[in-house]
Amino acid sequence: MQVQIDRAARIYVAGHAGLVGSAVVRRLQQAGFTNLLTATRRQLDLRDQGEVSHWFKSNRPEYVYLVAGTVGGILANSTRPAEFIYDNMMIHGTVVHAAHQYGTRKLLYLGSSCIYPRAATQPITEEQLLTGPLEPTNEWYAIAKIAGIKLCQAYRRQYGSDFISAMPTNLYGPNDNFDLTSSHVLPALVRKFHDAKLAGAKSVEIWGTGSPMREFLHVDDLADACVFLMENYSDDSHINVGSGIDQTIRELAETVRDIVYPAAELHFDTSKPDGTPRKVLDVTRLRDLGWTSKIELGDGIRSTYQWFLENELETADLTEDAKAQVS
Ligand code: GFB
């Protein structure tokens, strides 16, 4: 079912400053949407139902992209489980409920591929949700994300709300978190190889054995898929969003090394966790609707590194220096 959304409709992007939200805003602007609503964390605490309901009452968004959340890599997930479960459960609860209260026409909720069982059959189909135990390093986050899917389904069943859920694979791109203790693997590797290059270090430390397999999707592809789903998908079931292509962490590290600092050797720290052994999504359902990813991993890493050089580094001299080395 294809619905053309009025380009002047009131559209709220919850989490607009983050990796995903900023990409969704860029994509909506490109597509000609003129009435985008955002609120900073200081203006609106999304964990507070009173504040969120008041904001919805005043702003009456017709469409909502619920892409806000507390997110992080394997270490952050393991060491800050309370924040990951509390923040995410609250944010989903308040926004979905307010969207229902104040007549939002459609809401897209963004989950994560970690909702699936650790031992899921690969590639992972949507039907494998709740068929087995979760990966322990991120079960708190996964439980919150599963609750978000169920929340959307419950409001659809009880109130007829057009609330849909999309499950993206591991994401990367501009505005990512490059902090080594809380980031995901791809931005962490960009920073580690970059720092090693500046220091003239011989090797770079990679966590775990390097054998886990992960699929990566550039956030601009994800944003394109979200805008596509808003106009082309209205089912009860969540839908996977990915590239359908995975590789080992060793292969990923080699790709980042070749782009950022080809002279570096890889050193694996096996005292760090591997997490899920493999996680690649079955994207047949989305492909059948007519959407596929476009940004190839090497190109995406190159442009992300360029963004990192231009936006993340504190010393202007180093930035200029390093920019000259990458171009
Ligand atoms: O991206 P990542 O932190 O999370 O780690 P997950 C992926 C793999 O890369 C793991 C390895 O096997 C890590 O051990 N790795 C190697 C590194 N070097 C590094 C490094 O320097 N930093 C990091 N972070 N990893 C996350 C979940 O799982 O996936 C989240 O924790 C979410 O909840 C996200 O679902 C999409 O892919 O293991």
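Remember, it's 1-based here, ligands and their atoms both numbered in the order they're listed. The model shown is predicted, which means the values in this text are computed figures rather than measured ones.
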May I ask you to say whether [X] pairs ionically with [Y], meaning some side-chain N is under 4.0 Å from a carboxylate O?
| X | Y | value |
| --- | --- | --- |
| Asp236 | Arg157 | yes |
| Arg105 | Asp162 | no |
| Arg27 | Asp224 | yes |
| Arg285 | Glu127 | yes |

Protein heavy-atom partner closest to [atom] - residue, atom, separation in Å:
| atom | value |
| --- | --- |
| atom 30 (C) of ligand 1 | Asn77 ND2, 3.4 Å |
| atom 33 (O) of ligand 1 | Tyr141 CD2, 3.0 Å |
| atom 27 (C) of ligand 1 | Asn138 ND2, 3.1 Å |
| atom 34 (C) of ligand 1 | His184 NE2, 3.4 Å |
| atom 8 (C) of ligand 1 | Ile249 CD1, 3.6 Å |
| atom 37 (O) of ligand 1 | Arg214 NE, 2.7 Å |

Could you name the option among [options] that has the heavy atom nearest to [atom]?
| atom | options | answer |
| --- | --- | --- |
| atom 22 (N) of ligand 1 | Tyr172, Phe268, Trp207 | Trp207 |
| atom 13 (C) of ligand 1 | Ser211, Gly208, Pro273 | Pro273 |
| atom 17 (C) of ligand 1 | Leu180, Ile74, Val185 | Val185 |
| atom 21 (O) of ligand 1 | Arg250, Lys192, Glu215 | Lys192 |
| atom 32 (C) of ligand 1 | Gly275, Ala188, Ser112 | Ser112 |

Original post:
More than 12 heavy atoms of other residues, nucleotides or ligands under 6.0 Å from CH2 of Trp291: is that the case?
Top reply: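 Counting neighbours around CH2 of Trp291, more than 12 heavy atoms of other residues, nucleotides or ligands fall under 6.0 Å, so yes.
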If you count the atoms of ligand 1 from 1 in the order shown, which ones are under 4.0 Å from a heavy atom of [X]?
| X | answer |
| --- | --- |
| Gly73 | 3 (O), 31 (O) |
| Cys114 | 33 (O), 35 (O) |
| Asp274 | 10 (C), 12 (O) |

Does [X] have a non-hydrogen atom less than 4.0 Å from ligand 1?
| X | result |
| --- | --- |
| Asn170 | yes |
| Lys279 | yes |
| Thr137 | no |
| Gly72 | yes |

Subject >> ring-ring contact (aromatic ring centres under 6.0 Å, His included) between Tyr109 and His92, intermediate numbers included >> reply: CA-CA 8 Å; Tyr109 162 71; His92 309 153; 4.7 Å; yes
Original post:
Quick one: does Ser113 get an N or O within less than 3.5 Å of an N or O on ligand 1?
Top reply: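 No, no N or O pair falls under 3.5 Å.
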Subject >> Nitrogen or oxygen atoms of Thr276 and ligand 1 under 3.5 Å apart >> reply: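 Between Thr276 and ligand 1 (N or O atoms, distance only) the closest approach is not under 3.5 Å.
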Original post:
Do Thr284 and Asp282 pass the side chain to side chain donor-acceptor pair (under 3.5 Å) test, and can you show the C-alpha distance, the side-chain angles, and the key distance before you say yes or no?
Top reply: CA-CA 6 Å; Thr284 309; Asp282 184 314; 2.5 Å; yes
**OP:** Kindly say whether the aromatic ring centers of Tyr12 and Trp55 come within a distance under 6.0 Å.
**Re:**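 Yes, the ring of Tyr12 comes within the 6.0 Å limit of the ring of Trp55, centre to centre.
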Original post:
Given the side-chain rings of His194 and Tyr261, with only the six-membered ring counted for Trp, is the space between their centroids under 6.0 Å?
Top reply: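 No: the rings miss the under 6.0 Å criterion.
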Original post:
Side chains of Lys279 and Met213: closer than 4.5 Å at any heavy-atom pair?
Top reply: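 No, their side chains stay 4.5 Å or more apart.
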**OP:** Of the side chain and backbone of Ser183, name the one, both, or neither that has a heavy atom under 4.0 Å from an atom of ligand 1.
**Re:**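 The part of Ser183 near ligand 1 is the backbone, not the side chain.
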**OP:** For Glu135 and Thr137, indicate whether the former's side chain and the latter's backbone hold a donor-acceptor pair under 3.5 Å.
**Re:**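 Present.
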Subject >> Under 3.5 Å donor-acceptor, Asp221 side chain and Leu217 backbone >> reply: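 Side chain of Asp221 to backbone of Leu217: no pair is present.
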**OP:** Measure up the Tyr155 and His97 rings against each other and bin them: parallel (under 30°), tilted (30 to 60°), perpendicular (over 60°).
**Re:**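 Plane angle over 60°, so perpendicular.
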